[in-house]
Visitor: 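This is the structure I want to talk about, given as structure tokens.
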Amino acid sequence: MLLLELILLLLLCSVALGWVARHFKFPYPIALVVGGALLGFIPRLPQIPFDPQTILILVLPPILYQAALLTSWHDFKANIRPIGLLAIGLVLATTLVVGGALKLLVPDMPWAVAFVFGAIVSPPDAVAATSILSRVNIPRRIVTVLEGESLVNDASGLVIYKFAIAAVLTGSFSLLDASTQLVSVSLGGILIGVILAHAFIFIHRRLGDPFIEVLTALIIPYVAYIAAESIHTSGVLAVVAAGLVRGRYSPEIVSPEMRIMARSVWNLLVFMLNSLIFMLIGVQLSDAGEKLVGHSLGQLLLWGLFVSVAAVLVRFVWVFPVAYLPRWLSGSLHEHEPKQANNELAIISWCGMRGIVSLAAALALPMTLPNGAPFPYRDLIIFLTFCVIVITLVGQGLTLPALIRGLNVGTDWSMHDEQQHVRAAVGAAAQAAIDDIVAAESVPYDLAERLRAEMAGRFAQAASEGADPLPGAELEVRLRRAAILAERKELIRLWRENKISDEVMHHIEELLDYQQAELD
């Protein structure tokens with residue numbers, strides 16, 4: 001009973017912290033990390049027993065899957081080189097540099113354990129980045145690169161993390177074997193994710209019930225993760241691949257009712273998992289602090305600051321050279337990729353916030369080695385991981401808007417122009433649908449003209465006030481449904497032909513979903 005009461009108390013704390021974040025208008029992960037830090041100072045908190053591997057299985061699949069669903073495949077492919085250099089190259093560099101920094105601080109620590117810590121803090125967090133970037137106006141290319149990096153680097157960081165864990169558990173490591181296994185588990189995970197995504201798409205087309213559709217959508221990431229892990233491939237990459245594939249088909253196979261429900265369900269689930277993990281790390285910090293009696297709090301905080309600075313600096317050292325080196329080696333890149341200004345590269349360098357993925361990986365560390373001995377330096381790794389998250393999430397996250405203003409990074413007005421173009425195109429499609437019905441049936445002139453005028457300006461004010469269909473006005477409802485269907489088809493056509501971005505498509509799609517829901 002005490003365990004249930006403690007979990008409920010932690011969730012209530014999360015609700016309060018979420019309210020504080022909303023009230024004072026800053027990203028909720030920052031409020032959660034501060035709340036977790038405060039919990040860590042409470043001595044002798046009751047510990048919550050859990051299986052470390054359960055943390056990864058419970059937390060990672062839905063968070064990665066949601067991020068993959070919302071990732072623009074077209075923009076992702078267009079920026080694959082900078083995303084790959086950050087998500088794979090920088091993750092490996094961060095693992096080595098931060099692991100080396102920790103080894104310098106604690107010479108007795110085995111290299112494999114140091115690299116476990118480096119892998120844990122190597123990937124910036126997708127949820128943290130999205131929460132902060134959604135509040136500022138910066139060019140779309142920067143957002144695409146950062147969100148693409150946050151999606152892929154979770155996979156690469158966790159793959160390296162598992163290899164480092166295996167080296168600690170077995171006491172041996174072969175670079176050749178590890179490289180071969182890395183390729184095989186990565187390709188295997190991607191293949192599993194693609195196959196399962198198509199299987200669920202086939203199933204989804206035949207469901208026809210919004211509640212069952214939402215439940216099925218929640219199951220997909222867990223099935224992909226467990227299926228891939230069960231055959232010793234990458235569950236993380238399976239989830240990411242499944243999300244990317246299914247995201248390309250969602251506008252056509254998902255009903256408006258399901259999308260409306262799914263948005264709320266996914267947002268609630270991700271918030272709850274974030275809250276639980278941040279509160280749980282606070283409870284673990286309280287226990288870890290009591291076990292780290294051989295070190296003073298000041299020394300531990302200095303170590304946390306040192307490894308955090310190393311994680312921040314390696315990103316700056318990596319971003320600027322890799323942005324210019326390929327251009328120096330091959331001038332042809334000038335023709336295919338727009339050159340990024342130094343102020344944009346500075347923003348990308350500063351966006352290295354760590355979050356829930358690092359927390360989950362730290363909590364998932366095994367308690368013991370195969371011989372029964374405690375996992376070396378587990379409590380220290382958990383403490384230092386939290387330090388890195390606090391410093392990057394709070395320090396970089398809160399200063400990011402001021403840095404953007406100071407560097408004069410402008411807004412991408414192409415998004416506004418794109419929305420205007422889409423609204424005109426779908427409005428024309430709606431009026432054409434109305435004209436077809438008017439030509440085929442006896443439709444009152446006043447009704448036809450009123451609906452044409454509403455279609456012309458519906459996105460300007462979502463829906464004309466006072467223009468809701470009267471009860472029993474079946475003809476008007478049918479006309480409105482036909483118009484929305486035509487708008488949706490035109491929107492999907494523009495998106496499929498890569499004439500509009502995923503962000504604009506999702507925005508207009510959401511408006512259409514709510515307009516159609518009013519008629520049902």
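Residues: numbered from 1 along the sequence shown.
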Visitor: Between Arg488 and Asp513, does a side chain to side chain contact (heavy atoms under 4.5 Å, CB included) hold up when you go through it step by step?
Guide: CA-CA 9 Å; Arg488 198 181 297 280; Asp513 288 342; 3.0 Å; yes
Visitor: Side-chain contact test, heavy atoms from C-beta onward, threshold under 4.5 Å: evaluate it for Leu400 versus Ile347 and give yes or no.
Guide: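 Touching, per the 4.5 Å side-chain cut-off.
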Visitor: Would a 4.5 Å heavy-atom cut-off, applied to side chains only, mark Glu509 and His506 as touching?
Guide: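 A side-chain contact exists here, since the closest heavy-atom pair is under 4.5 Å.
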Visitor: Please find the pair of heavy atoms, one from Thr392 and one from Gly352, that lie closest to each other, and give the distance.
Guide: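 That closest heavy-atom pairing would be CB-O, 3.8 Å.
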Visitor: What heavy-atom pair brings Thr385 and Ser358 nearest, and what distance separates the two atoms?
Guide: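 Of all heavy-atom pairs spanning Thr385 and Ser358, the closest is CG2-O, 3.8 Å.
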Visitor: To the nearest 0.5 angstrom, please state how far the CG atom of Leu158 sits from the OG atom of Ser122.
Guide: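 Between Leu158 CG and Ser122 OG, I get 8.0 Å after rounding to 0.5 Å.
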Visitor: Under 4.5 Å between any side-chain heavy atoms of Arg496 and Arg248, yes or no?
Guide: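 Of all side-chain heavy-atom pairs linking Arg248 with Arg496, at least one is under 4.5 Å.
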Visitor: Could you point out which residue of Val239, Leu273, Val236 forms a side chain to side chain contact (heavy atoms under 4.5 Å, CB included) with Pro61?
Guide: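 Option passing the side chain to side chain contact (heavy atoms under 4.5 Å, CB included) with Pro61: Val239.
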Visitor: Show every side chain to side chain donor-acceptor pair (under 3.5 Å) that has at least one partner inside residues 196-208, sequence neighbours left out.
Guide: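 Side chain to side chain donor-acceptor pair (under 3.5 Å) check on residues 196-208 returns His204-Glu213, His204-Arg246.
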Visitor: Specify the closest pair of heavy atoms between Ala425 and Leu494, including all atoms of both residues, with the distance to one decimal.
Guide: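 What the structure gives for the nearest pair is CB-CD1, 3.9 Å.
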Visitor: What I'd like to find out is whether the side chain of Arg315 reaches to under 4.5 Å of the side chain of Thr94, using heavy atoms alone.
Guide: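 They are not in contact (no side-chain heavy atoms under 4.5 Å apart), so the answer is no.
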Visitor: In chain order, what residues pass the salt bridge (Lys or Arg N to Asp or Glu O under 4.0 Å) check against Arg493, with sequence neighbours excluded?
Guide: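 Per chain and number, Arg493 pairs via salt bridge (Lys or Arg N to Asp or Glu O under 4.0 Å) with Glu490, Glu497.
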Visitor: Side-chain polar contacts of residues 217-231 - donor-acceptor pairs under 3.5 angstrom, sequence neighbours left out - could you list them?
Guide:
from, atom 1, to, atom 2, distance (Å)
Tyr222, OH, Leu58, O, 2.9
Glu229, OE1, Lys162, NZ, 2.9
Glu229, OE2, Lys162, NZ, 3.0
Glu229, OE2, Gly235, N, 2.9
Ser230, OG, Ile226, O, 3.3
Ser230, OG, Ala227, O, 2.7

Visitor: Would Gln516 and Leu485 count as a side chain to side chain contact (heavy atoms under 4.5 Å, CB included) here? Give the steps.
Guide: CA-CA 9 Å; Gln516 183 168 338; Leu485 178 61; over 6 Å; no
Visitor: Rounded to the nearest 0.5 Å, what separation is found between the CG atom of Leu512 and the NE2 atom of His507?
Guide: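 These two atoms lie 10.0 Å from each other.
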Visitor: Distance from Ile83 atom CD1 to Leu146 atom CG, nearest 0.5 Å?
Guide: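 One gets 9.0 Å once the value is rounded to the nearest 0.5 Å.
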Visitor: Counting only N and O atoms by type, is there a donor-acceptor contact under 3.5 Å from the side chain of Gln396 to the main-chain atoms of Trp350?
Guide: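 Yes: the side chain of Gln396 pairs with the backbone of Trp350.
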Visitor: Are Val388 and Ile120 close enough that some pair of their side-chain heavy atoms sits under 4.5 Å apart?
Guide: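 They are not in side-chain contact.
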Visitor: Does the side chain of Glu149 come within less than 4.5 Å of Leu90's, by heavy atoms?
Guide: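 Answer yes - side chains close enough.
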Visitor: Roughly how far, to the nearest 0.5 Å, is the CZ atom of Arg481 from the CZ atom of Arg478?
Guide: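 Taking CZ in Arg478 and CZ in Arg481, the distance rounds to 10.5 Å.
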Visitor: Would you mind reporting whether Tyr161 and Val357 have side-chain heavy atoms less than 4.5 Å apart?
Guide: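 SC-SC contact between Val357 and Tyr161 ruled out.
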Visitor: Go through it in stages, so that I can follow the logic: the residues are Ile201 and Ile253, the test is side chain to side chain contact (heavy atoms under 4.5 Å, CB included), and I'd like the CA-CA distance, side-chain angles, deciding distance and then a yes or no.
Guide: CA-CA 8 Å; Ile201 289 169; Ile253 67 172; 4.2 Å; yes
Visitor: Listed by chain and number, what are the side-chain contact (heavy atoms from CB on, under 4.5 Å) partners of Phe271, not counting sequence neighbours?
Guide: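 Partners of Phe271 by the side-chain contact (heavy atoms from CB on, under 4.5 Å) criterion, ordered by chain and then number, come out as Tyr28, Ser275.
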Visitor: List the residues meeting side-chain hydrogen bond (donor to acceptor under 3.5 Å, both in side chains) with Trp495, not counting sequence neighbours, and say none if there are none.
Guide: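 For Trp495 the side-chain hydrogen bond (donor to acceptor under 3.5 Å, both in side chains) partners, ignoring immediate neighbours, are Asp502.
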Visitor: Leu491 and Val426: which non-hydrogen atoms are nearest, and at how many Å?
Guide: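 For Leu491 and Val426, the tightest heavy-atom pair comes out as N-CG1, 4.0 Å.
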Visitor: Tell me every residue that passes side-chain contact (heavy atoms from CB on, under 4.5 Å) with Asp209, counting only those two or more places apart in sequence or in another chain.
Guide: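 Testing Asp209 for side-chain contact (heavy atoms from CB on, under 4.5 Å), a comparison that skips the adjacent residues, returns Phe211, Ile212.
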Visitor: Between Val168 and Phe115, is a side chain to side chain contact (heavy atoms under 4.5 Å, CB included) present by the stated rule, with each step listed?
Guide: CA-CA 10 Å; Val168 175; Phe115 289 144; over 6 Å; no
Visitor: So, for Ala164 and Val116, which heavy atoms are closest and what is the spacing to 0.1 Å?
Guide: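 Reported closest heavy-atom pair: CB-CG2, 3.5 Å.
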Visitor: Which atoms form the tightest heavy-atom contact between Thr233 and Gly189, and what is the distance?
Guide: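 The answer is CB-N, 3.6 Å.
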Visitor: Would you confirm whether Ser349, through its side chain, and Val319, through its main-chain N or O, come within 3.5 Å as a donor-acceptor pair?
Guide: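 Such a contact is absent between Ser349 side chain and Val319 backbone.
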Visitor: Could you measure the distance from the CZ atom of Arg354 to the CD1 atom of Ile389? Nearest 0.5 Å is fine.
Guide: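 CD1 of Ile389 is found 9.5 Å from CZ of Arg354.
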Visitor: Given side chains that start at C-beta, do those of Met505 and Val422 come closer than 4.5 Å, heavy atoms only?
Guide: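 Side chain of Met505 against side chain of Val422, heavy atoms only: no contact under 4.5 Å found.
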Visitor: I need the Lys77 NZ to Leu244 CG distance, nearest 0.5 Å.
Guide: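 So the gap between those two atoms works out to 11.0 Å.
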